[in-house]
2 protein chains.
Amino acid sequence: MQPSLVNGDSTPRARVQDEIRRDIIFGTLPAGTRITEASLAAKYGISRVPVREALRALEVEGFVESKPFAGSTVSEIPVDDADDLFAVREALEAATARRAARRAAAHFSSGGPDSHWWETRRELAAILDEGDEAVGSGQVELLPELNIRFHLGIAELSRSSSLTALLRQIAGKIEWLYAADVGSRGIRSWAEHRGIMAAIDAGNAQAAEQEMGAHVHGSRLGYLSRFTEKDG
Amino acid sequence: MQPSLVNGDSTPRARVQDEIRRDIIFGTLPAGTRITEASLAAKYGISRVPVREALRALEVEGFVESKPFAGSTVSEIPVDDADDLFAVREALEAATARRAARRAAAHFSSGGPDSHWWETRRELAAILDEGDEAVGSGQVELLPELNIRFHLGIAELSRSSSLTALLRQIAGKIEWLYAADVGSRGIRSWAEHRGIMAAIDAGNAQAAEQEMGAHVHGSRLGYLSRFTEKDG
DNA sequence: CATTGTGAGATTGAATACAATCGCCTTATG
DNA sequence: CATAAGGCGATTGTATTCAATCTCACAATG
């Protein structure tokens, strides 16, 4: 299995892992909550073994902290790290966009896209359409999930499992921040996705990198302004 | 337990996790090797349960890939991602250095350093001394481990568990690359650590960020030059 | 009064046992 | 001969059981 933000629900362990992560991100399990394996096992109707495995994974993902024989607690929401996480995300997603565009450019000269590219690209098209429809019908609450799927899709196009894994980790934290502090993202941000996608399709690595960087930078500024506005 | 590059060996699970990671990084378990839980359990004299937990964690760390009911294999060494990983690391470590310096500056105005800062700072001093001694006596083979500990120590000073966790993940990959391709790092690189430490101690956030960025950038160029030289 | 030791209860860590699934090889069939 | 169906061995996923450790309350002691 890939370390994923949303697993395929193929095993109880994966389901529980997704469910716990979700409960943490959306506040059902607040920061600092003590988590006992037995209670989770009872809640999901399974034994402690898959629960333990899920907790070990969530620990590496940064959502849970554990000490031997002392149990697990929900991590603190990384509000103090928000700006730095966005900064890292800028570098990270600039790289994924650049790589994706390079891969597209390579397709022009050699044969054509392979099945992996084609499949991912098709899913991205669907995501973009879904997002536009959500914007059109005013269902902005669908955007956060679609937004993550778009950015992870671009990472998938980059064909770098290292970068994709890092983005998953950062995206999880940023989703956590949004869920806790500012709610859904803006509509204007969504519209920029088409431009990024076009740059990648055109094989223009420089434009893809630049547009993705600006896009993430805009999100960063938007997040910070809302957050400080909320504070002041 | 913290998701760590080197756990405290407090439980068999943590020991096995460190051991497997080490075997992967240093090539004892080559990329693509199929890993069966029973063989690992036999090798380390424990049952499959802690082995499974270690594998779930290593999966999120990116060293192992698994599919349900199909088993685990050692991931590919991320050679293609090297330059992008360094780019992300630049942004990441610039942030940790900046935060560490800010925290030091805060100590000047308010009372003094807390125990966490003091403890970490003391360990960093020891690491710097050890590294200098290793350089002096020509034992450059000790530098990679000390190098990781230095950079993780700076991250610890930043007091951001998110950034520290991300650096652990990236550091693991970069260590993997070095072990596989170019051997130990240069001596000149080590000497730059003192300057970074001094900038942090002085509370100069701008200088700390700038020096750390240049330091990582130098590592990046050094890695790439050796690698391409080896290729051509 | 603060501190240290101790014991019970709760909780985690690991071992064993069993069920579910996959991969491959055999075999029947057009 | 190519190919699809089915069964068997190997391996993973989960449940159950027991051992090891921690937490916390409470008492003994300086």
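Chain letters run A, B, ... following the sequence lines, proteins first, then strands; residues in each count from 1.
- Among the heavy atoms of the strands lying under 4.0 Å from A/Ile35 are primed sugar atoms or P, OP1, OP2 only; no base atom is included.
- Between B/Arg13 atom CZ and C/dA15 atom C1' the separation is 17 Å, expressed in whole Å.
- Summary of the strand contacts: B/Ala70 and A/Pro50 both lie near DNA chain D, and taking for each the nucleotide with the nearest heavy atom, the more 5' one is attributed to B/Ala70.
- In this structure, a donor-acceptor pair under 3.5 Å is present between the side chains of B/Glu61 and B/Gln17.
- Evaluation of the side chain to side chain donor-acceptor pair (under 3.5 Å) rule for B/Asp80 yields no partner, not counting sequence neighbours.
- A straight line from CG of A/Leu55 to C1' of C/dT12 spans 11 Å, rounded to a whole angstrom.
- Along DNA chain D, read 5' to 3', the first and last nucleotides having any atom under 4.0 Å from a heavy atom of chain B are D/dT11 to D/dT14.
- Rounded to an integer number of Å, the gap from A/Arg34 CZ to C/dT11 P is 7 Å.
- At most 12 non-hydrogen atoms from other residues, nucleotides or ligands lie less than 6.0 angstrom from CD of B/Glu133.
- Salt-bridge check for A/Asp114 with A/Arg159: passed, with a basic side-chain N closer than 4.0 Å to an acidic carboxylate O.
- Here C/dA14 presents its C1' atom at 12 Å from CZ of B/Arg15, a figure rounded to the nearest Å.
- Regarding contacts with the backbone of C/dG13, a side-chain N or O of A/Arg52 is found under 4.0 angstrom from either OP1 or OP2.
- No more than 12 heavy-atom neighbours from other residues, nucleotides or ligands sit within 6.0 angstrom of CZ on A/Arg22.
- Aromatic ring centres of A/Trp176 and A/Phe63: separated by under 6.0 Å.
- Annotation: of the two residues near DNA chain D, B/Phe69 and B/Val49, the 5′-most nearest-nucleotide partner is B/Phe69.
- Counting to the nearest Å, the C1' atom of C/dT11 and the CG atom of A/Leu40 are 13 Å from each other.
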